[in-house]
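Worksheet: one structure, shown below.
Here is the naming used below: chain letters follow the sequence lines, and residue numbers restart at 1 for every chain.
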Amino acid sequence: MNSEIPEKLLKPYNPVEEENLIYKKWEESGYFTPENMIKDGLTKADAEPFTIILPPPNVTGILHMGHAMMLTVQDILIRHKRMRGFRTLWLPGTDHAAIATQSKVEKEVQKAEGKSRHDLGREEMLNRVNAFAQDSHDTIVNQMKVMGASLDWSREAFTLDEKRTLAVRTVFKKMYDDGLIYRSNKIINWDPKGQTTISDDEIVYEARKATLYTFKYSKGFPIAISTTRPETKVGDVAVAVHPDDERYKEYVGKEYDVVFCGVPIHIKIIADEAVEKEFGTGALGVTPAHSMIDWEIADRHDLPRPQVINEYAKMMVGDERLMGKKVAEARDIIVNWLKEEGLVEKEEAIDQNVATAERTSGIIEPLPKLQWFIDVNKPFTLADSNINDIASGSQTTLKEIMRTTVGTGQIDIIPDYFSKTYFHWIDNLRDWCISRQIWYGHRIPVWYKENEIYCGIEAPEGAGWTQDEDTLDTWFSSGLWTFSTMGWPEQTEDLKIYHPTSVLETGYDILFFWIARMILMTGYTLGDIPFKKVYLHGLVRDAQGKKMSKSLGNAMDPLDIAAKYGADAGRMALIIGTAPGTDSKISEEKIKGQKHFANKIWNITRFVLSNFDSTSVNAAFTPDDTVIAAQWHETAKKITADIDAYRLHVAAEDIYQYIWTTFADKILEESKPLLASEDIAVKQSRQKLLFTILCENLTVLHPFMPFVTEAIWQLLGKDNLLMTEVWPIN
RNA sequence: GCGCGAUUAGCUCAGUUGGUAGAGCGGCGCUUUUACACAGCGAAGGUCGCAGGUUCAAGUCCUGCAUCGCGCACCA
């Protein structure tokens, strides 16, 4: 008697029909929550934990293929470990993404209603942003489910919810009390378009053509200087030359009063090592208020720092020619004036990198402002340390924590060459400016009253206190993510069991933004590492290798892919042929190929079932079949080892190859005569072999293609979920 | 300027510790044989960027070069 073939199996596999139902089934089982696995005896109570915290997607809209990549890689790791018997937690959440979200809503409001955020006011603007964030959140959660992500939704967190706010304020206060957070009036990166400061890492350099002008401030001035920004020269206080420069030695120490395009300026000639003799005339007009390097020179020489450009990138000095003009206009005006005066000596076209803001593309205007910073070099005492080479109670710095945890191998980055990039970044790291002049985000927990300052978790008692208007850089709260999600500062069970987490999986593009900040924050707050391993995936590009973007019209929506080919196909296509840390290209053709693969397994199942007799389960394997079973186990072992070593692309290809080339093309074909054999022993052995290999193939493929494998598993009449089936290799 | 990565079949890319090259897609020919045409079978297609070196043996290690891409710094 052959088994009855389920009706569904007689038709080609239809992913759309299956996937939603299967996800619901998983979700209703409760087994995304590790405690439920333990309760039902599917995971041992003392099993080793395996934890991944989901990099929280920004609530700025919808997920893209990069997110699909992240979800796929993590879900593979998670499902594999769950089946291997680990106490497996994958914790979901979303990120408020401060500037990104607010500027998105601001644009929408501006477009739809012609109103700015100031027209709406802080409260109304925040209502709008929150509503948008909620919408985004719902869309994103739905997308993650469509992708098959086996996330523990009972633990979902948001970077701006109540618990995370407590964590943020607690850390801020601790750092403030330790003197690591300070407020200072110094030069920062100002984004005139976004009307906020940004950190060094939020700057994107764009190559542009510029004109380098060489001129003297006035007729009688002894030294010519070169600049691409003549309009800033009204803020000059010095001309710096290299100490060894013979050409200018005689002038060092002298001071001059000149009137530059109507603005009186006082110039001192100074010698400083930072000046390159070879560049331009070898003399640098020092504008302390509007250039990072000049600010530092001013520090060394105790120079004044007059601000001449305001927050709107407009001139704030001069007569009617300059006052109130945009910097670009002012530049033309000054160049014309220089020419009229006959002061220009040279004009040359050069390539220049212009600093722009990542989110708004506005041109950055360095200017001095009273802001909050984290000191990355200041020594402090780390009371309790689990960090290798930093003893409890010893002095350390945030930079040292970041360097040591990776340097000692306590945190392992895959691929390892990214460690070099990481160290290089740390070496160049300056204090982190954490305050932002936007409304959406964690408000700085500092209150002022006349000359008093109060930093606390709650507002101070008494009347007359006003809270700092600014909010925190979104990466401040993201930095706490591995432990804030687990309920810190409360000493929760979750923290004891699941922290430090096992793997942090994300794109290499946020190595500095996020990974480094998590290491910094966790090291400082818990004296521990946030994760043991960092797995970096590459960027997903289109078939031509272009970055996917809405404006280019080449963006793929994971939802569309799932609707057209099935989420399984999309997942598999993202993994195969993609080495960690390397950008990959994805095309519909590639995804289509994987849809065919899902159908192939479906058809294999039809064949196996139609030739299966349940009495064969007790049959003994013939010597031939024993060999085939053993060969499969060798393959399964290799696949397991590859997953353990994070070579997911190799593992995916191997299981694909085995199922199609070995199992279907070879073993199944060779089985046809054997299944028709008169020899019952041979026939039954083969029936059992095919059924066994099919089941184990499904198990091993499940982390990669969870839906089709689970769908088939249910058709095989199994009484458990494939999701909780035990992995065939130990 | 400092650093990193890439260069393998027409296209997109794999290739863990060095042992005489692989996949997907595309193209070609044949096959409608009852698991599957979302298929099967077969053939074609590569001096693994270039030049040296180490080794019995190198796509895999070392040196140099070229081209492309990226990061950081500079950007007066």
Could you give the distance separating [M] and [N] at their [atom1] atoms, to the nearest angstrom?
N	M	atom1	answer
C62(B)	G5(B)	P	10 Å
G22(B)	U63(B)	P	29 Å
G24(B)	C41(B)	P	11 Å
G69(B)	U8(B)	P	15 Å
C11(B)	G46(B)	P	13 Å
A73(B)	G27(B)	C1'	49 Å
A43(B)	C4(B)	P	45 Å
U7(B)	G59(B)	C1'	11 Å

Between [X] and [Y], does at least one N-O distance fall below 4.0 Å, as a salt bridge requires?
X	Y	answer
Lys533(A)	Glu505(A)	no
Asp245(A)	Lys249(A)	no
Lys216(A)	Glu341(A)	no
Lys277(A)	Glu246(A)	no
Asp427(A)	Arg403(A)	yes

Ignoring hydrogens and angles, does a donor from either the side chain of [X] or the base of [N] sit under 3.5 Å from an acceptor on the other?
X	N	value
Glu669(A)	A35(B)	yes
Lys590(A)	C25(B)	no
Tyr205(A)	C75(B)	yes

>> Counting only side-chain nitrogens and oxygens, does Lys420(A) get under 4.0 Å of the OP1 or OP2 atom of G5(B)?
In response: no
>> Looking at Lys592(A), I'd like to know whether one of its side-chain N or O atoms comes within less than 4.0 Å of OP1 or OP2 on C38(B).
In response: no
Select base, sugar-phosphate, or nothing to describe what [X] touches, counting heavy atoms under 4.0 Å on all strands.
X	answer
Lys672(A)	base
Val275(A)	base
Asp665(A)	sugar-phosphate
Phe597(A)	nothing

Counter-base of [N], judged by Watson-Crick or G-U geometry with both distances under 3.5 Å:
N	answer
U7(B)	A66(B)
U33(B)	none
C61(B)	G53(B)

> Is the closest side-chain heavy-atom distance between Ile76(A) and Ile575(A) below 4.5 Å?
Replying inline: yes
From the set [options], return the single nucleotide nearest to any side-chain atom of [X].
X	options	result
Trp660(A)	A73(B), G40(B), A35(B)	G40(B)
Lys585(A)	C74(B), C13(B), G71(B)	C13(B)
Glu589(A)	C74(B), A35(B), C25(B)	C25(B)
Ala579(A)	A14(B), A35(B), A73(B)	A14(B)
Asn428(A)	A23(B), C72(B), C75(B)	C72(B)
Tyr417(A)	G40(B), G71(B), G5(B)	G5(B)
Phe512(A)	G71(B), C41(B), C38(B)	G71(B)
His424(A)	C2(B), A35(B), C41(B)	C2(B)

Given atom [atom1] of [X] and atom [atom2] of [N], what is their separation to the nearest angstrom?
X	N	atom1	atom2	result
Ile601(A)	A39(B)	CD1	C1'	15 Å
Asp200(A)	C75(B)	CG	P	13 Å
Tyr422(A)	G5(B)	OH	P	19 Å
Arg571(A)	G24(B)	CZ	C1'	19 Å
Glu206(A)	C75(B)	CD	P	18 Å
Arg229(A)	C75(B)	CZ	P	13 Å
His596(A)	C25(B)	NE2	C1'	11 Å
Ile364(A)	A73(B)	CD1	P	13 Å

>> By the definition side chain to side chain contact (heavy atoms under 4.5 Å, CB included), identify the one residue from Ile414(A), Asp642(A), Ile639(A), Asp654(A) that meets it with Arg647(A).
In response: Asp642(A)
> Taking the six-membered ring for Trp, is the centroid-to-centroid distance between Phe663(A) and Trp632(A) below 6.0 Å?
Replying inline: no
>> Please list, in numerical order, the residues of residues 633-650 of chain A that have a heavy atom closer than 4.0 Å to any atom of RNA chain B.
In response: Arg647(A), His649(A)
> If each of Ala664(A) and Ala240(A) is mapped to the nucleotide of RNA chain B with the nearest heavy atom, which maps nearer the 5' terminus, i.e. the 5' end?
Replying inline: Ala664(A)
> Nearest nucleotide by nearest heavy atom, which residue falls closer to the 5' end of RNA chain B, Asp583(A) or Lys595(A)?
Replying inline: Asp583(A)
> Given Thr287(A) and Lys233(A), is the side-chain hydrogen bond (donor to acceptor under 3.5 Å, both in side chains) satisfied, shown in steps?
Replying inline: CA-CA 7 Å; Thr287(A) 325; Lys233(A) 299 293 102 182; 3.3 Å; yes
>> For Trp475(A) and Trp514(A), take the angle between the two ring planes, folded into 0 to 90°, and tell me which bin it lands in: parallel under 30, tilted 30 to 60, perpendicular over 60.
In response: tilted
